[in-house]
Student: 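Could you have a look at this structure, given as structure tokens, before my questions?
Numbers here simply count residues along the sequence, with the first being 1. Being a predicted model, the structure only gives us computed values, none of them experimental. Ligands are counted one by one from 1 in listed order, and the atoms in each one are counted from 1 as well. Quick note: numbers below take in every heavy atom, side chains included, and nothing from hydrogens, waters or symmetry partners.
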Amino acid sequence: MTWEAGADLVVVGSGVAGLTAALDAAAAGLATVVVTKDGIAEGSTRWAQGGVAVVLGDIAGDSLDAHVADTLAAGGGLNDAAAVEAIVRCGPDAVRRLRERGARFDARDSRPDRTREGGHSAFRVVHAGGDATGAEIERALVAAARGSELRGLTVLDGHVASDVLRDAGGRVAGLAVLDDHGRPGVLRAPAVLLATGGYGALYASTTNPPTATGDGVALALRAGATASDLEFVQFHPTVLHTGAGAAGRRPLVTEAVRGEGAILRDRTGTAFMAGIHPRADLAPRDVVAAAITRRMAETGSGCVFLDATSLAGFARRFPTVHASCAAIGIDPATDPIPVTPAAHYACGGVVTDTDGRTGVPGLYAAGEVARTGLHGANRLASNSLLEGLVVGERAARAVLGDRVIRGVGEPLAPAPALPVADRAVVQRAMSTFAGIGRDATGLATASDAVEAATTIAVPTARAGVEDAALTLLAQAVVAAAGTRRESRGCHVRTDFPDRDDTHQRASLPIRLDASGRPVVAGDALVGAA
Ligand code: SIN
């Protein structure tokens with residue numbers, strides 16, 4: 001028996017983008033429901049360490065123009081310059097409003113303290129709790145959401161979104177969900193905002209929580225939206241190496257540790273980033289992650305080492321990293337920290353404008369799930385919380401301004417059966433053949449492995465919905481990575497090591513074909529710089 005309820009806006013996901021949008025929409029009088037798979041505080045946001053990149057105007061030599069320039073330099077020629085301008089310039093006000101909502105950032109001399117990360121030309125990253133910025137932002141937004149529950153914001157936790165429902169005219173008509181026991185429900189609503197985070201769970205080793213199964217991209221593609229830049233999976237250069245074969249969410253070692261002076265060394269103690277990039281250890285993270293991967297192969301080592309022994313007060317400044325190190329018997333004050341790259345951030349996603357609009361009337365996306373064009377081929381560190389805040393706010397305003405909430409159509413039944421592959425097979429194939437360093441043969445092998453493990457099934461519970469999303473994302477990432485025959489940003493092809501600006505400086509749009517398979521659509525290239 002399917003239950004039904006109604007809302008003006010359904011927000012899927014409860015990270016920084018989702019909660020910011022939901023709070024603003026509820027404050028503006030929209031009956032808003034936030035749907036989350038686990039508890040309201042369990043998304044990717046809480047694991048973010050470094051901070052929010054923002055120019056507050058009080059750091060000599062820094063400027064909004066410099067932040068824009070750093071974002072474009074990191075993005076490898078695929079940013080949408082107008083989106084970069086719009087989001088970076090809205091950052092200071094969005095951070096001010098977040099502070100008014102209760103988020104407390106670390107201060108020095110009565111001003112927000114700033115750190116630096118890879119690719120930034122200035123100290124401009126505000127942080128909280130030392131290296132617990134995401135946790136503080138999530139705390140503040142969750143507290144605000146709980147406070148506004150009586151004013152039109154309802155949280156439906158323990159539910160996975162299984163389909164965006166549309167009416168006969170193609171407009172959004174609601175969201176189908178399943179609870180933890182597989183019981184179905186329908187939220188009738190004229191507007192759905194996807195804020196589900198990324199797809200780190202495509203890989204065996206990731207900084208993402210297990211909820212990051214690409215649900216939002218899969219929901220949007222199946223609803224007729226376009227995705228893009230999916231091949232640009234950013235690997236964080238430094239997660240704590242806890243032994244060969246460690247899987248699932250890995251402890252992050254924030255880039256701010258390098259921003260404040262730590263140096264990468266190989267197993268012989270050689271500092272290897274100098275000479276690879278003018279910014280050495282603070283090069284954009286695609287450069288650092290690829291260099292670490294090469295060095296590990298050259299030295300036959302399962303990790304490299306981050307030497308933070310010169311940093312004073314490590315435990316106070318980086319309490320989260322310190323605790324993760326202590327748990328495996330490492331003291332960063334005296335020991336080099338063993339680190340490896342791991343899947344971290346989806347630079348691409350559902351194609352939206354900077355107000356979160358997709359091409360499907362009534363469907364919006366914000367945060368990591370979306371591709372606004374801010375990141376291009378490689379995200380600049382700490383631009384993601386910024387994007388979530390800014391586009392979360394703008395999407396709430398768009399829902400109000402677009403007047404989609406005037407009426408809701410009769411939802412059509414979605415396709416019940418979907419391709420679903422075994423998650424372990426997908427993760428093994430993607431980790432082996434579609435990580436840092438891909439080639440045509442490996443990508444074909446990954447595609448074959450996923451295909452062979454795929455059956456057509458009707459997902460009846462959360463695991464099935466997630467596995468269907470991961471299967472779709474694996475097919476889409478492999479299709480995009482195979483089509484892009486060059487190396488650019490965090491897409492590294494060993495068989496095409498050079499960047500090809502003559503023919504390939506454009507994003508690849510992905511849509512579903514008539515059989516439901518993701519394909520690179522040849523008719524348009526979206527938002528190249
Ligand atoms: C980090 O703290 O290194 C991660 C921050 C980010 O991914 O933006």
Student: May I ask you to check whether Y203 and F235 place their ring centres under 6.0 Å from each other?
Tutor: yes
Student: Based purely on interatomic distance, does V253 place a nitrogen or oxygen under 3.5 Å from a nitrogen or oxygen of ligand 1?
Tutor: no
Student: Short list, please: which atoms of ligand 1 are under 4.0 Å from a heavy atom of H344?
Tutor: 4 (C), 6 (C), 7 (O)
Student: Kindly indicate, with the supporting measurements, whether the criterion side chain to side chain contact (heavy atoms under 4.5 Å, CB included) is fulfilled by R397 and D24.
Tutor: CA-CA 8 Å; R397 284 200 294 274; D24 285 1; 5.5 Å; no
Student: So, is R285 polar-close to ligand 1, with some N/O to N/O distance under 3.5 Å?
Tutor: yes
Student: So, does A381 sit close enough to ligand 1 that a heavy atom of it is under 4.0 Å from the ligand?
Tutor: yes
Student: Does a sphere of radius 6.0 Å around CZ in R99 hold more than 12 heavy atoms from other residues, nucleotides or ligands, not counting ones at 6.0 Å or beyond?
Tutor: no
Student: Can an N or O of Q49 be found at a distance shorter than 3.5 Å from an N or O of ligand 1?
Tutor: no
Student: List ligand 1 atoms under 4.0 Å from R379, heavy atoms only on the residue side.
Tutor: 6 (C), 7 (O), 8 (O)
Student: For atom 2 (O) of ligand 1, which protein heavy atom lies nearest, and how many Å away is it?
Tutor: T254 OG1, 2.6 Å
Student: Which of the atoms in ligand 1, numbered in the order shown and given with their element, are less than 4.0 Å from a heavy-atom of E255?
Tutor: 1 (C), 2 (O), 3 (O)
Student: Below 4.0 Å from any atom of ligand 1, is there a heavy atom belonging to S382?
Tutor: yes
Student: What atoms of ligand 1 come closer than 4.0 angstrom to any heavy atom of G50?
Tutor: 1 (C), 2 (O)
Student: Please output the side-chain donor-acceptor pairs of residues 301-309 that fall under 3.5 Å, not counting sequence neighbours, one pair per line with the distance.
Tutor:
residue, atom, partner, partner atom, Å
S301, OG, C303, N, 3.4
S301, OG, C303, O, 2.8
D307, OD1, T309, N, 3.0
D307, OD1, T309, OG1, 2.6
D307, OD2, R265, NE, 2.9
D307, OD2, R265, NH2, 3.3

Student: Is the side chain of Y199 donor-acceptor paired with the backbone N or O of V233 at a distance under 3.5 Å, no angle test?
Tutor: no
Student: Which atom pairs, donor and acceptor, lie under 3.5 Å between side-chain atoms of residues 52-60 and protein residues at least two apart or in another chain?
Tutor:
residue, atom, partner, partner atom, Å
D58, OD1, R114, NH1, 3.0
D58, OD1, R114, NH2, 3.2
D58, OD2, R114, NH2, 2.7

Student: Check whether the side chains of R250 and T242 place a donor and an acceptor atom closer than 3.5 Å, and report yes or no.
Tutor: yes
Student: Tell me, please: is H236 in heavy-atom contact with ligand 1, that is, under 4.0 Å?
Tutor: yes
Student: Do N383 and T71 meet the criterion of a side-chain donor-acceptor pair at a distance under 3.5 Å?
Tutor: yes
